[in-house]
Amino acid sequence: MFKHLKLRDCILLQHITSTTQQNKTTRSLVFAAQKSATLSSPRPTFLCNGQPLFSVMARKSFFKQTVATFFAILASYALFNAFVYCTDTSSVFSAFPVDPATVSSVVLAAGNNRTSSPSVKVFLHDLPRRFTYGVIAGHSAARGLPISDDADVSLLNYPGHQHMAEWYLFSDLNRPESERVGSHITRVMDPDEADLFYVPFFSSLSLIVNIGRLGQGSSPVYSDEENQKALVQWLEEQEHWKRNNGRDHVIIASDPNALWRVMDRVKNSVLLVSDFGRLRGDQGSRVKDVVVPYSHRIRTYQGDVGLDNRNTLLFFMGARYRKEGGKIRDLLFKILENEKDVIIKHGKQSTESRRAASQGMHTSKFCLHPAGDTPSACRLFDAIVSLCVPVVVSDSIELPFEDVIDYRKIAIFVESSLAVKPGYLVSKLREITSDRILEYQKELKQVKRYFEYDEANGTVNEIWRQVTKKLPLIRLMINRDKRLVRKEHDCSCRCAN
């Protein structure tokens with residue numbers, strides 16, 4: 001077997017083999033070598049193909065080579081572990097059993113720690129009142145509660161709905177800096193110091209107020225479309241918007257239909273959206289924009305993990321008939337409505353429906369999340385804060401904060417074509433063991449705060465962290481725009497006739 005080995009290879013092979021078989025320490029090897037050096041009769045120390053390799057006179061030299069070789073191997077092993085073996089931890093995790101909760105905790109902690117670099121400076125645009133508190137006043141007026149012209153609208157309460165991120169971000173920037181502990185951004189009062197500019201238009205609430213809600217006369221109390229146009233006109237008059245064509249501005253449009261009329265005029269900005277279902281590829285993308293969670297509309301579950309009070313297998317309550325991708329809901333209703341231990345029923349946005357949904361989610365093991373008019377909906381986030389394992393049937397869904405949350409650990413994703421097969425979905429859920437459900441619940445409890453807008457270190461801080469990660473790309477695009485040469489197209493040949 002060792003016939004063709006070189007002399008040094010034979011020496012090293014026999015040395016390593018001998019060390020492994022005898023399991024001696026380095027100190028023992030040294031002692032043995034010194035002792036053999038004092039023997040009076042010369043004997044061959046190593047053999048290769050039956051021939052003696054060293055005489056007594058060569059033993060001291062060999063000992064030095066052995067020690068040097070040992071330390072060289074040791075150093076190589078250390079370098080290999082430090083720079084090669086540990087760079088890809090995925091192979092380690094796949095080869096050895098790992099507690100999922102432990103892995104999740106490490107990943108989440110890594111995503112939450114602030115670096116030592118200075119926080120990003122954000123300037124809050126002081127918009128005319130019509131775009132902020134004026135929208136709240138319009139909401140009240142459209143519901144028969146008109147606000148007098150001299151009233152202090154800043155005292156009005158922002159009405160609750162599923163796209164309240166715009167209110168929480170606006171409120172956060174208006175808090176004293178001392179209260180914004182752990183934030184990844186710092187508000188500055190001088191726009192020339194700012195890295196980014198935040199536009200606090202309540203675009204989602206404006207859409208709810210809408211033009212269709214009329215006052216006592218024939219004129220509408222409020223027009224969302226007119227407000228959109230007025231906002232963009234105001235922005236385009238601002239020096240800091242014109243400076244970079246809006247690329248360093250952050251605009252929230254969390255309702256999928258928000259800013260629909262003017263989207264092409266603000267698409268250069270960083271958009272905060274719930275998904276990209278209504279946006280073209282040239283208007284929004286994961287590269288440029290940030291996906292933000294819906295505001296959950298049911299009570300957060302205050303209990304611990306466990307299945308004692310969760311007797312329902314699968315729960316869903318929401319609109320049965322939707323457009324586009326949401327048509328799958330009607331199919332799921334037909335398949336699931338007669339299944340044992342499954343509650344699936346039609347519901348609308350109301351206090352009574354939210355109360356029923358809270359009760360249903362808090363007493364169920366799994367909560368169904370089918371696509372709506374767009375791929376996402378608030379029920380996913382309702383399920384997360386209920387510790388009810390989400391079952392997502394929405395093939396094109398985009399999810400927030402995926403750099404710190406592995407959604408496979410907290411949710412089950414089912415392809416739409418399989419979910420609509422009779423018996424498939426329920427049979428798969430029944431196969432999941434109680435222990436596995438408890439693991440899902442533990443993971444949900446760990447990440448729940450990422451979807452709590454009221455948490456001091458919750459959703460708002462994470463949204464700002466995601467925004468700050470866009471800054472290098474923003475700067476790249478700004479610099480690129482400045483060096484490109486744009487030529488006006490001469491269309492005289494085409495327009496002459």
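Along the sequence shown, residues are numbered consecutively beginning with 1.
- Side chain of Ser394 to backbone of Pro375: a donor-acceptor contact under 3.5 angstrom is found.
- Side-chain atoms of Ser274 come within 3.5 Å of backbone atoms of Ser254 as a donor-acceptor pair (strictly under, hydrogens ignored).
- Between the Asn268 side chain and the Gly246 main chain, no donor and acceptor come within less than 3.5 Å of each other.
- The backbone N or O of Val287 lies less than 3.5 Å from a partner atom in the side chain of Lys470, making a donor-acceptor pair.
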(request) Give the C-alpha distance, both sets of side-chain angles, the deciding distance and a yes or no for side chain to side chain contact (heavy atoms under 4.5 Å, CB included) between Val266 and Val199. (result) CA-CA 11 Å; Val266 299; Val199 181; over 6 Å; no
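- A donor-acceptor pair under 3.5 Å is formed between the side chain of Gln228 and the backbone N or O of Arg261.
- Checked by atom type and distance alone, the side chain of Glu193 never pairs as donor or acceptor with a backbone atom of Lys121 at under 3.5 Å.
- Here Arg280 pairs with Asp264 in a salt bridge; the nearest charged N to carboxylate O distance falls below 4.0 Å.
- Partners of Arg286 by side-chain contact (heavy atoms from CB on, under 4.5 Å), not counting sequence neighbours, listed by chain and number: Phe276, Val291, Glu398, Glu402.
- With rounding to the nearest 0.5 angstrom, the CG atom of Leu271 is 8.0 Å from the CG atom of Leu259.
- Sorted by first then second residue, the disulfide (SG to SG under 2.5 Å) pairs that include residues 230-276, not counting sequence neighbours, number zero.
- Sorted by first then second residue, the salt bridge (charged side-chain N to carboxylate O under 4.0 Å, His left out) pairs that include residues 375-388, not counting sequence neighbours, number zero.
- Every side-chain contact (heavy atoms from CB on, under 4.5 Å) that Glu177 has, sequence neighbours left out, goes to Arg180, Thr186, Arg187.
- Counting only residues at least two apart or in different chains, ring-ring contact (aromatic ring centres under 6.0 Å, His included) contacts with residues 230-273 comprise His125-Trp234, His125-His249, Phe197-His240, Phe197-His249, Trp241-His249.
- Within a 6.0 Å sphere centred on NZ of Lys242, other residues, nucleotides and ligands contribute more than 12 heavy atoms.
- At least one side-chain heavy atom of Leu425 sits under 4.5 Å from a side-chain heavy atom of Leu314.
- Distance CD1/Ile478 to CG/Leu471: 8.0 Å, rounded to 0.5 Å.
- Here the shortest heavy-atom pairing between Leu169 and Val460 reads CD2-CG1, 3.9 Å.
- Residue Asp190 qualifies as enclosed at atom CG: its count of foreign heavy atoms under 6.0 Å is above 12.
- When only modelled atom types and interatomic distance are considered, Ser206 and Tyr222 share a side-chain donor-acceptor pair under 3.5 Å.
- Scanning all heavy atoms of the two residues, the minimum distance from Asp275 to Ser376 falls at OD2-OG, 2.6 Å.
- A donor-acceptor pair is defined here as one N or O able to donate and one able to accept, closer than 3.5 Å; such a pair exists between the side chain of Ser203 and the backbone of Ile252.
- Here the side chains of Lys469 and Val290 are not in contact, with every heavy-atom distance at 4.5 Å or above.
- Of all heavy-atom pairs spanning Ile136 and Asn157, the tightest one is CG2-O, 3.5 Å.
- Atom CG of Asn257 sits about 9.5 Å away from atom CE of Met263, to the nearest 0.5 Å.
- Not one N or O on the side chain of Glu337 forms a donor-acceptor pair closer than 3.5 Å with the backbone of Ile344.
- In this structure, His163 NE2 and Tyr294 OH are separated by 4.5 Å, a value rounded to the nearest 0.5 Å.
- The shortest non-hydrogen separation linking Met361 to Cys367 is CG-SG, 3.6 Å.
- Partners of Lys267 according to the salt bridge (Lys or Arg N to Asp or Glu O under 4.0 Å) rule, which considers only residues two or more places apart in sequence or in another chain, are Asp282.
- By the 30° and 60° cut-offs, the orientation of the rings of Tyr450 relative to Phe401 is tilted.
- Side-chain contact between Ile185 and Leu173 is present, with at least one heavy-atom pair separated by less than 4.5 Å.
- No side-chain heavy atom of Val122 sits under 4.5 Å from any side-chain heavy atom of Val467.
- Residues Gln466 and His184 have side chains that never bring a donor and an acceptor to within less than 3.5 angstrom of each other.
- Within a 6.0 Å radius of NZ in Lys288, other residues, nucleotides and ligands contribute more than 12 heavy atoms.
- Note that CG of Leu473 and CZ of Arg480 are 11.0 Å apart. Values are rounded to the nearest 0.5 Å.
- The shortest heavy-atom contact between Tyr440 and Ile412 is OH-CG1, 3.6 Å.
- Counting heavy atoms from C-beta outward, Ile397 and Val392 have side chains that approach closer than 4.5 Å.
- Side-chain rings of Phe170 and Tyr158 stay apart, their centers remaining 6.0 Å or farther from each other.
- Scanning all heavy atoms of the two residues, the minimum distance from Gly318 to Arg329 falls at C-NH1, 4.4 Å.
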(request) Show your reasoning for whether side chain to side chain contact (heavy atoms under 4.5 Å, CB included) applies to Val414 and Lys428. (result) CA-CA 10 Å; Val414 183; Lys428 288 298 181 183; over 6 Å; no
(request) Run the numbers on Asp224 and Val209 for side chain to side chain contact (heavy atoms under 4.5 Å, CB included), then give the verdict. (result) CA-CA 7 Å; Asp224 173 49; Val209 177; over 6 Å; no
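- Ion pairing between a basic and an acidic side chain is recognised when a charged N comes within 4.0 Å of a carboxylate O; Arg465 and Glu462 show such pairing.
- Figure legend: Arg310 and Tyr301 shown as a cation-pi pair, the cationic atom lying under 6.0 angstrom from the six-membered ring centre and within 45 degrees of its axis.
- Residues Ile463 and Tyr453 form a side-chain contact, since some pair of their non-hydrogen atoms from C-beta on lies under 4.5 Å apart.
- Here Lys229 pairs with Glu225 in a salt bridge; the nearest charged N to carboxylate O distance falls below 4.0 Å.
- The side-chain heavy atoms of Asp373 and Pro256, taken from C-beta on, include no pair separated by under 4.5 Å.
- Surrounding CG of Asn309 are at most 12 heavy atoms belonging to other residues, nucleotides or ligands under 6.0 Å away.
- Side-chain atoms of Asp172 do not come within 3.5 Å of backbone N or O of Tyr168 as any donor-acceptor pair.
- Looking only at side-chain heavy atoms (C-beta outward), Phe201 and Asn227 come within less than 4.5 Å of each other.
- Under the 3.5 Å distance criterion, the side-chain polar atoms of Thr312 are left unmatched by any main-chain donor or acceptor of Phe315.
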(request) Would you please test Asp192 and Phe123 for side chain to side chain contact (heavy atoms under 4.5 Å, CB included) and show each step? (result) CA-CA 9 Å; Asp192 291 329; Phe123 179 79; over 6 Å; no
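- Counting heavy-atom neighbours within 6.0 Å of Glu352 CD, excluding the residue itself, gives a total of 12 or less.
- By the 4.0 Å N-to-carboxylate-O rule, Asp330 lies close enough to Arg320 to be salt-bridged with it.
- Note that CG of Leu429 is 5.5 Å distant from CG of Leu313, once rounded to the nearest 0.5 Å.
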